[in-house]
Amino acid sequence: MQNAGGIRLWKGIRAVVDPCHVLLLSASLPLLAWRLSGKQRFHNKEFLHLSLHRSSWLFLAPLLTPPVPVITAPPCLLCPEGAHRFQWIRNLVPEFGISSSHVKVLSSPVEFYELLKVQIKAAKQRVVMASLYLGTGVLEQELVDCLEETLEKSLQAKGSPDLRVSILLDYTRGSRGKKNSRTMLLPLLQRFPEQVRVSLFHTPHLRGLLRLLIPERFNETIGLQHIKVYLFDDNVILSGANLSDLYFTNRQDRYVLLQDSPEIADFFTELVDAIGDVSLQLQQDDTVQMMEGMIHPYQGDKVAYCEIANRRVMEVINSARTRQELLHTKTFHSSQPGSSPSSQQGSQASGIVKPEPDTWIYPLIQMKPFGIQIDEMVTETLLTEAERDARIYLTTGYFNLTQAYMDLILGTRAEYRILLASPEVNGFFGAKGVAGAIPAAYVYIEHQFYSEVCYLQQQERVQLQEYSRTGWTFHAKGLWLYLAGSDLPCLTLIGSPNFGYRSVHRDLEAQVAIVTENKALQQQLHQEQEQLYLCSGVVSTSTFEQPNRYVKLWVKLVTPLIKNFF
């Protein structure tokens, strides 16, 4: 496979990567093909090992798969020279250019929680919150009380109330137990029925006999609504944190606030609305029902339901992408020398002239049940294109990388520093029953990956680090990319995906790629990364010789069978 075209990885998608830039297919195409530049090839030893142990079947794919025509996007003639190298992402999703002064990186759960309350109280037009679930403790009740107070103020204002509250949660997780997310939100629905909407997403894969037989908690392994987005008027918080007291106190995650960003807030409002439209609607009597005319997720036709969901979500992505392209064209032409004075005056008359964007936001959506794989495509391409001497810091609360991500990490040339949870800070540590064995399963998966790194003699290039902090758990996820020769990251991924099988294949996920040329924002992102990695130790062979790393035989036997469910 070491030919002039580089190597080809086949896993249901193919993409073409040029050494200078990436030519991606349209987001509507199910396949994406790529070709690595000549610098990024496997050594004979690495190639032989990967092909024999994991990937030999992949090389039959060109014989079994019909050729896919490569549709190249023309270069952006409007972009000035020197524009950032990641603009290829806008071939798939909308590109939002903003000022770096509108981006704030948060560092602690308490800061996140206090910001949520402040933003809820200040909201005038909309509160949109998407999460896995809402907890049932005192801190969560305080959030609900803030919503009630803000809704009451809106109701008492002159004229009809403007404030709308839309909450999207997962059905199975949000319905667990007698006191749950639903019972927490019912008072809001009952008191403000015209202003509040609570949508509960139910995966189409949990249906029929499977739905009847799998007990509570275990049914959540089939698929979830996992997106975490919290927006208030034109302010958006992207995070991996859920609305639960642990995430407000001692569960470390990541959080970025995008201030005064109406286009981004509109996009995520429309996205949550689209998922809400294909979800079950909570009623005032704690029952649920679908919107009129909508196919039921587990009682109706599965294929038809997924097609409708795909269409609704892709409409949001494509319409926003079209709007941003038109705005990009209009802004560029109005800012050029020789443009008509009237057009310049018109843009100034609409308000204060916004500063030139130095930061770009790209929303990356992954909903494999609906056939949407944008986040997967972009993440794999970023890993593929990472050049020699570039550094990638990748963190996940649950280390269970997909095979494709592992292959790319082991087969490309960038340096990797992968941060994961030590067993003691794993969210399942100390859990009762079978769940209590999950940290040991993660240790087993980590040990297997580390052994492969050692086999390939990649310990210097691919380094594992374990987060450890007394009294805390670890849930942070994301990626920071440092280009060769740079001490600061120019790109970060932040959101809900864990880079594992669930994130790619089972759950609804969303994150954003933040690309910035601003040194101050790059410094913020760098400090965020450093703060997380300071609480970690480097993994070595001796790590797995410690008594607390002992993995029982039954866990080793079961893990390969169940690793795709957690």
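Below, all heavy atoms of this structure are taken into account, side chains as well, without hydrogens, waters or symmetry copies.
- With 3.5 Å as the limit, one finds a donor-acceptor pair spanning the side chains of Q465 and S536.
- The side-chain tip of R173 points at the ring of Y133 from less than 6.0 angstrom away and within 45° of straight on.
- Q511 and D375 form a side-chain donor-acceptor contact under 3.5 Å, judged by distance and modelled atom types alone.
- Remark: the H526 side chain and the Q522 side chain contain no N/O donor-acceptor pair separated by less than 3.5 Å.
- Nearest approach of M184 to G137, heavy atoms of both residues: CE-O, 4.3 Å.
- Proximity of the aromatic rings of Y533 and Y467 is defined here by a centroid distance below 6.0 angstrom, and this criterion is not met.
- Taking all atoms of both residues into account, the shortest heavy-atom contact from A309 to V278 is CA-CG1, 4.1 Å.
- Remark: the backbone N or O of E376 is not paired with any side-chain donor or acceptor of T379 at under 3.5 angstrom.
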> Can you check ring pair (Phe, Tyr, Trp, His ring centres under 6.0 Å) on F399 and F449, steps first, answer last?
Replying inline: CA-CA 10 Å; F399 184 74; F449 180 76; 5.5 Å; yes
>> Determine whether E220 and R176 satisfy the following criterion, salt bridge (charged side-chain N to carboxylate O under 4.0 Å, His left out), listing intermediate values before the conclusion.
In response: CA-CA 10 Å; E220 297 167 24; R176 183 200 291 181; 2.9 Å; yes
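- One distance of note links CE of M406 with CD1 of I445; it measures 8.5 Å at 0.5 Å rounding.
- When the side chain to side chain contact (heavy atoms under 4.5 Å, CB included) test is applied to T470, no partner is found at least two apart in sequence or on another chain.
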> Would Q225 and L132 count as a side-chain contact (heavy atoms from CB on, under 4.5 Å) if you check the C-alpha gap in whole Å, the side-chain angles of each, and the deciding distance to 0.1 Å?
Replying inline: CA-CA 6 Å; Q225 193 304 111; L132 174 61; 5.7 Å; no
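- Once rounded to the nearest 0.5 Å, the distance linking CG of L212 with CG of L210 reads 9.0 Å.
- Looking at H202 and R211, their side chains do bring a donor and an acceptor atom within 3.5 Å of each other.
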> salt bridge (charged side-chain N to carboxylate O under 4.0 Å, His left out) between E387 and R85: does it pass, once the steps are laid out?
Replying inline: CA-CA 13 Å; E387 61 210 42; R85 66 174 66 192; 3.1 Å; yes
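- Between the side chains of N242 and S244, no donor N or O sits under 3.5 Å from an acceptor N or O.
- Note that OH of Y255 is 9.5 Å distant from CD1 of I494, once rounded to the nearest 0.5 Å.
- Within 6.0 Å of CG on D487 lie no more than 12 heavy atoms contributed by other residues, nucleotides or ligands.
- Pairing each heavy atom of V313 with each of M367, the nearest pair is CG2-SD, 3.9 Å.
- Rounding to the nearest 0.5 Å gives a distance of 9.0 Å between CZ of F201 and CG of D507.
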>> With ring pair (Phe, Tyr, Trp, His ring centres under 6.0 Å) as the criterion, how do F112 and Y247 come out once you've worked through the C-alpha distance, each side chain's angles and the decisive distance to 0.1 Å?
In response: CA-CA 9 Å; F112 169 60; Y247 295 89; 8.4 Å; no
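- Not a single donor-acceptor pair under 3.5 Å links the side chain of R388 to the backbone N or O of R413.
- Taking CD1 from I365 and CD1 from I275, the interatomic distance works out to 7.5 Å, rounded to the nearest 0.5 Å.
- When W480, Y416, Y482 are each tested for a ring-ring contact (aromatic ring centres under 6.0 Å, His included) with Y393, only one passes: Y482.
- Taking the six-membered ring for Trp and the full ring otherwise, the centers of H296 and Y305 sit at least 6.0 Å from each other.
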>> Before you tell me yes or no, could you show the steps for N498 and E509 under side-chain hydrogen bond (donor to acceptor under 3.5 Å, both in side chains), namely the whole-Å CA-CA distance, both residues' side-chain angles and the distance that decides it to 0.1 Å?
In response: CA-CA 9 Å; N498 277 297; E509 306 278 10; 5.6 Å; no
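- A distance of 10.0 Å separates CG of L246 from CG of L139, quoted to the nearest 0.5 Å.
- With S503 contributing its side chain and P497 its backbone, the two residues share no donor-acceptor pair below 3.5 Å.
- Pairing each heavy atom of Y298 with each of L206, the nearest pair is CB-O, 3.4 Å.
- Annotation for Q546: atom CD counts as buried by contact number, over 12 foreign heavy atoms lying within 6.0 Å.
- At least one test fails for R506 against the ring of Y501: distance under 6.0 Å to the centre or angle within 45° of the axis.
- The two residues Q531 and S107 come nearest to each other via the heavy atoms OE1-CB, 3.5 Å.
- The backbone N or O of V539 lies less than 3.5 Å from no partner atom in the side chain of T543, so there is not a single donor-acceptor pair.
- Scanning both residues, L532 and R254, for their nearest heavy atoms gives CD1-CG, 4.2 Å.
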